[in-house]
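Below you'll find the structure, written out as C-alpha cells, and then a few comments.
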Amino acid sequence: MSDGTFQSPVGTHDVLGPESRLWEGVIATFAQWAYRYGFSLVISPLFEDVGVFHRGIGEASDVAKKEMYVFEDRGGRRLALRPEGTASVVRAFVQHHPTTPWRAWYVTPAFRYERPQAGRYRQHHQLGVEVLGSDDPAIDVEVIALAERFYRAIGLRRFRLHVNSMGHAACRGAYVEVLKVYLAQHVDELCDEHQKVWSVNPLRVLDCKKAACVVVTVAGPQLPDYLCDACREHFAAVTQGLNAIGIDFAVAPRLVRGFDYYTRTTFEFSSDALDAAQNALGGGGRYDQLAEQLGGEPTSGIGFGSGIERLLLARHAEGEGEALLKRTVDVFVVDTTGEDLATKLVDDLRVQGFAVARAYDQRSMKAQMKLADRSGARLALLVGPQERARGEVTIRDLRSADFEQTQASVARDAVVDAVIQRLLK
RNA sequence: GUGGGCGUAGCUCAGUUGGUUAGAGCGCCAGGUUGUGGUCCUGGAGGCCGCGGGUUCGACCCCCGUCGCUCACCCCA
C-alpha cells in the first residue's frame with residue numbers, strides 16, 4: 001500500500017481480540033504446566049551477539065545461513081534477532097551460573113527471514129523449556145511429557161510423537177563416516193539438490209522428504225545401530241520412561257533436527273490435522289555440547305520449543321477452541337442519569353472481583369441495553385433518574401426469559417451484596 | 001530466492017461484451033417504543049475499486065509496472 005498509511009511488515013501480523021483470547025489461553029496454560037513441572041520463567045533479550053546463534057545452531061544450518069535478521073548497532077556490534085529460543089537461554093545460563101539442574105521456561109517471538117506461507121511467518125512465537133546441568137534420562141522424559149501434557153491441555157488430540165537418539169560426538173561421528181561412504185555409493189540416486197550438497201552435512205539427507213532420498217536412506221545405515229553403549233543405554237532409559245507414564249511414541253531412526261547442537265535424545269511432535277508442509281507442532285532434544293560451545297563449562301541440557309501459531313492452527317484444524325473466543329463480563333452497568341453514577345458502581349464491583357463493563361458517551365437506555373446484551377453479561381444494573389431519586393439500582397437478569405418478573409430494585413448500599421448473591425450462588 | 005492465485009465498505013463478497021449516480025449480507029449508528037437487550041420494520045453513516053502509469057470518447061473491468069496478501073517449492077515452528 002502506498003497511500004500514506006503503514007501496515008505490519010511482510011510476514012508479521014497483529015493479533016487483536018477476540019482472537020488474542022486464544023493466545024492468552026495457550027500461554028496461561030503453558031505457564032501453569034511449566035510451573036507444575038518446576039520451571040521458572042526466564043526473560044532474555046530478543047537480540048544477541050550474532051555469534052550466540054552462529055555457534056549455537058550451527059553456521060551451516062539454513063536458519064543461520066540465510067534466514068537470520070543480522071544488523072549492526074551504532075556501536076558497531078554485530079547483532080541478530082533470535083531465530084529460536086534455546087541459544088539465548090543457554091547463553092544466559094553460561095553467563096549467570098544458576099544452580100543446577102536449572103529449569104527455565106520462556107515465551108518469545110522468533111525471527112526468520114523467509115517467504116511467508118501457511119503457518120509460517122517472519123515473526124512467529126514460541127514457547128518452550130530448557131533444563132541445564134543434568135543428563136539424567138528422567139529429565140528427557142519429563143520434558144517430553146510436559147510438551148505432551150500441555151498439548152492435550154489446550155485441546156489437541158490428533159498428533160504423534162517421534163523420538164530418536166543422535167548419539168554423542170564420538171558415536172555420531174562414527175555413524176556420519178559410515179553414512180558418507182554409503183551415500184557416496186548412491187549419489188546418483190539422491191534427489192537433485194542432495195546430489196550436489198550431500199557431503200556438506202550428510203545428516204540433512206536423512207531429513208529430506210523427496211522420495212528418491214527416502215528410498216536411499218531407508219535402505220542405508222541407521223543411526224541407532226551405531227550408538228555407543230552409554231548412548232544406547234540412555235536412549236533405552238528414555239523410551240522406558242515414556243512407556244512407564246503411558247506416552248505414545250514411535251522411534252524414528254532418521255529423525256534429525258535442523259540445528260547442529262543436538263545430541264542424544266531428539267523428538268518431534270507432528271499434527272495429523274495439518275498438511276505436511278507445516279505439521280511440526282514442536283520439538284526439541286538434548287544438547288550436551290551447547291553450553292561449552294558458548295564458552296561455558298561442559299553442561300548437558302535439553303529442551304523443547306513449540307510454535308504458538310502452529311498450535312492454534314492445529315487446534316483450529318481439529319475443530320477445537322472456537323468456544324474460547326467469546327469473552328463475557330459478569331455485570332454491565334447502564335447509567336442514564338448524566339451524573340456518571342456508574343463510575344462508582346463499576347469501581348465497587350471490580351474491586352469485589354467482578355468483570356464489569358459499562359457504556360460511555362451518554363447513550364440512550366435502549367442503546368446501552370443493546371451493548372449490555374452483546375457484552376454477554378449475566379446481569380445488567382440500571383441507574384436512571386428514578387433510581388437516583390430513590391437511592392436504588394435496578395438489577396435485571398439478562399439470561400432469564402421472563403425478565404419482567406426477575407427485575408428488581410435494591411438500595412444502592414445493597415447492590416454489591418445482591419450481585420454476589422445472584423452470581424455466586 | 002523461484003513460481004501460481006488474488007487486491008472493491010470495518011468483515012465476507014457481487015459487479016454483465018469497457019458505458020457515466022459502484023451494490024448485497026453481516027457489523028455499526030439512529031428511529032419505530034419520549035426508561036429496557038436478545039425478534040421485527042424503517043432510515044443513515046461508511047468506498048481515491050491497493051498504488052502509479054498506459055490504451056480508450058469513456059476503465060472497478062483491458063495492458064504494463066509496483067506494493068501487499070495468499071498458496072506452493074526449500075526449510076522449519
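Each chain gets a letter, A, B and so on, in the order its sequence line appears, and its residues count up from 1.
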Report the base-pairing partner of [N] (Watson-Crick or G-U wobble, both distances below 3.5 angstrom), or none.
N	answer
B:U42	B:A30
B:A24	B:U12
B:C61	none
B:A72	B:U2
B:U66	B:G50

Nearest listed nucleotide, side chain of [X], among [options]:
X	options	answer
A:R112	B:A77, B:G35, B:C69	B:A77
A:R310	B:G35, B:C76, B:G68	B:C76
A:Q7	B:G35, B:G37, B:G68	B:G68

Pairwise [atom1] distance for [N] and [M], with rounding to whole Å:
N	M	atom1	answer
B:C41	B:C48	C1'	35 Å
B:U8	B:A45	P	23 Å
B:G4	B:C29	C1'	43 Å
B:A30	B:A77	C1'	48 Å
B:C11	B:G47	P	13 Å
B:U66	B:U2	P	12 Å
B:C61	B:A9	P	15 Å
B:C57	B:C73	P	48 Å

Measuring from A:L132:CG to A:Y287:OH, what's the distance to the nearest 0.5 Å?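 It is 4.5 Å, given to the nearest 0.5 Å.
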Distance-only donor-acceptor test (3.5 Å): side chain A:Q368, base B:U36: no
Once hydrogens and angles are ignored, does a donor-acceptor distance under 3.5 Å link the base of B:A77 to the side chain of A:E114?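 Answer is yes: a donor-acceptor pair is held.
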Between A:S165 and A:R286: side-chain donor-acceptor atoms closer than 3.5 Å: no
Would you tell me whether A:T337 and A:R388 have side-chain atoms, one donor and one acceptor, within less than 3.5 Å of each other? no
Assess whether side-chain contact (heavy atoms from CB on, under 4.5 Å) is satisfied between A:F39 and A:V131, documenting all intermediate values. CA-CA 9 Å; A:F39 290 88; A:V131 182; 3.6 Å; yes
Go through it in stages, so that I can follow the logic: the residues are A:W23 and A:H125, the test is side-chain contact (heavy atoms from CB on, under 4.5 Å), and I'd like the CA-CA distance, side-chain angles, deciding distance and then a yes or no. CA-CA 10 Å; A:W23 287 66; A:H125 301 80; 3.5 Å; yes
Check every strand shown and say whether [X] touches a base, only sugar-phosphate, or nothing at a heavy-atom separation below 4.0 Å.
X	result
A:V10	sugar-phosphate
A:I308	nothing
A:E387	base
A:N279	base
A:R374	sugar-phosphate

Main-chain N/O of A:V356 paired with A:D330 side-chain donor or acceptor, under 3.5 Å: no
Lys/Arg N to Asp/Glu carboxylate O, [X] vs [Y], below 4.0 Å:
X	Y	value
A:R315	A:E318	no
A:D49	A:R78	no
A:D340	A:R358	yes

Enumerate all atom pairs, one protein N or O and one N or O from nucleotides 30-34 of chain B, separated by less than 3.5 Å.
| residue | atom | partner | partner atom | Å |
| --- | --- | --- | --- | --- |
| B:A30 | OP2 | A:R363 | NH2 | 3.1 |
| B:G32 | N7 | A:K366 | NZ | 3.2 |
| B:G32 | O6 | A:K366 | NZ | 3.0 |

Could you go through nucleotides 71-73 of chain B and list every protein N or O atom that sits under 3.5 Å from one of its N or O atoms, giving the distance for each pair?
| residue | atom | partner | partner atom | Å |
| --- | --- | --- | --- | --- |
| B:C71 | OP2 | A:A118 | N | 3.0 |
| B:A72 | OP2 | A:Q117 | NE2 | 3.4 |

Single hit among A:Y35, A:W33, A:F30 for ring pair (Phe, Tyr, Trp, His ring centres under 6.0 Å) with A:F150: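 Answer after filtering A:Y35, A:W33, A:F30: A:F30.
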